[in-house]
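Heads up, the thing below is written out as structure tokens.
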Amino acid sequence: MNEDAQKLNALLDFDLLKKLVVGIGEVSEITGIPTRKIRYWEEKGAIQSETNTEGSTRRYNYLNVKKMLLIQEMIDEGFTLDAAIKKVNKRMVTLNEAFLKLADTVPDTEDNE
DNA sequence: GTTCTCACA
DNA sequence: TGTGAGAA
């Protein structure tokens with residue numbers, strides 16, 4: 001198994017998550033979380049929606065979707081919203097930093113041209 | 001389809 | 001903590 005391949009895979013996954021953006025309705029359908037709950041969480045600071053400058057419809061990227069799923073699970077396990085938000089945010093930061101390091105560490109292995 | 005606010009459990 | 005309804 002190529003470790004480099006895994007690293008690249010992780011990077012791609014993270015980037016892909018950031019690129020996929022959907023409306024609140026899609027998010028509610030995907031996560032199974034009602035739109036009011038999503039707005040409620042956003043109000044609480046659980047997630048940041050990319051409000052379209054002109055449009056009013058908030059857009060959420062899959063990173064936020066994953067975050068919502070994580071938060072929902074944590075709350076289900078007895079955590080409070082605030083605690084869940086804190087932990088998930090920290091997790092995201094850690095992952096982001098780790099991936100950045102990985103990106104720097106990965107010596108482009110196979111440039112087969 | 002989306003947004004917001006007020007109020008309740 | 002999460003939801004309801006009405007209004008725009």
Side-chain angles (χ1 to χ4, degrees):
Chain A
M1 291 75 190
N2 264 348
E3 280 189 31
D4 296 335
Q6 292 182 18
K7 293 173 186 175
L8 288 170
N9 204 339
L11 285 167
L12 288 173
D13 193 51
F14 212 76
D15 207 44
L16 179 70
L17 256 41
K18 285 197 257 182
K19 283 181 181 174
L20 273 171
V21 185
V22 292
I24 185 170
E26 301 292 322
V27 178
S28 66
E29 286 290 311
I30 296 167
T31 60
I33 302 173
T35 59
R36 303 121 229 266
K37 210 190 215 176
I38 297 174
R39 291 204 210 95
Y40 177 66
W41 285 2
E42 204 228 338
E43 201 175 344
K44 252 63 183 180
I47 54 187
Q48 301 86 220
S49 58
E50 308 190 5
T51 40
N52 237 346
T53 41
E54 310 274 318
S56 40
T57 54
R58 325 168 201 276
R59 301 205 80 106
Y60 299 91
N61 58 43
Y62 269 44
L63 211 60
N64 287 334
V65 175
K66 218 164 180 172
K67 220 193 294 196
M68 290 186 236
L69 260 17
L70 252 20
I71 292 171
Q72 175 68 129
E73 301 253 330
M74 294 187 76
I75 290 176
D76 201 54
E77 285 186 26
F79 284 86
T80 173
L81 224 195
D82 205 66
I85 294 168
K86 227 175 164 181
K87 289 214 163 209
V88 172
N89 268 314
K90 187 167 185 176
R91 211 169 278 265
M92 298 310 263
V93 173
T94 306
L95 286 173
N96 197 346
E97 291 184 2
F99 286 163
L100 285 175
K101 286 183 184 177
L102 257 48
D104 199 49
T105 304
V106 169
D108 28 273
T109 42
E110 46 220 277
D111 28 329
N112 35 359
E113 228 106 272

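Protein chains get the first letters and strands the later ones, always in sequence-line order, with residue 1 at the start of each. Given the structure is predicted, the values throughout are model-derived calculations rather than measurements. All values below were derived from every heavy atom in this structure, side-chain atoms included, with hydrogens, water molecules and symmetry-related copies excluded.
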Intermediate values then yes/no, side-chain contact (heavy atoms from CB on, under 4.5 Å), A:K67 and A:Q48: CA-CA 10 Å; A:K67 220 193 294 196; A:Q48 301 86 220; 3.7 Å; yes
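Within a heavy-atom distance below 4.0 Å of DNA chain B, the residues of residues 17-34 of chain A found are A:I24, A:G25.
We find the CG-CZ distance between A:L100 and A:F14 to be 8.5 Å, quoted to the nearest 0.5 Å. Expressed to the nearest 0.5 Å, how far CD1 of A:I71 lies from CD1 of A:I47 amounts to 7.0 Å. We find the CG-CG distance between A:L12 and A:L17 to be 11.5 Å, quoted to the nearest 0.5 Å. Rounding to the nearest 0.5 Å places NZ of A:K66 at 8.5 Å from CG of A:L70. The distance from atom CG of A:D13 to atom CG of A:L63, rounded to the nearest 0.5 Å, is 9.5 Å. The CE atom of A:M68 lies 8.0 Å from the CH2 atom of A:W41; values are rounded to the nearest 0.5 Å.
Distance, A:E43 CD to B:dC6 C1': 12 Å, rounded to whole Å. The nearest whole Å value for the distance from the CZ atom in A:R39 to the P atom in B:dT2 is 8 Å. Residue A:I38 contributes atom CD1, which lies 14 Å from atom C1' of B:dT3 at whole-angstrom precision.
Here the range on DNA chain C touched by chain A, meaning any atom under 4.0 Å from one of its heavy atoms, is C:dT1 to C:dT3.
Heavy atoms of other residues, nucleotides or ligands lying less than 6.0 angstrom from CD of A:E73 number 12 at most.
Nucleic acid contact class of A:T35 (heavy atoms, under 4.0 Å, all strands): none.
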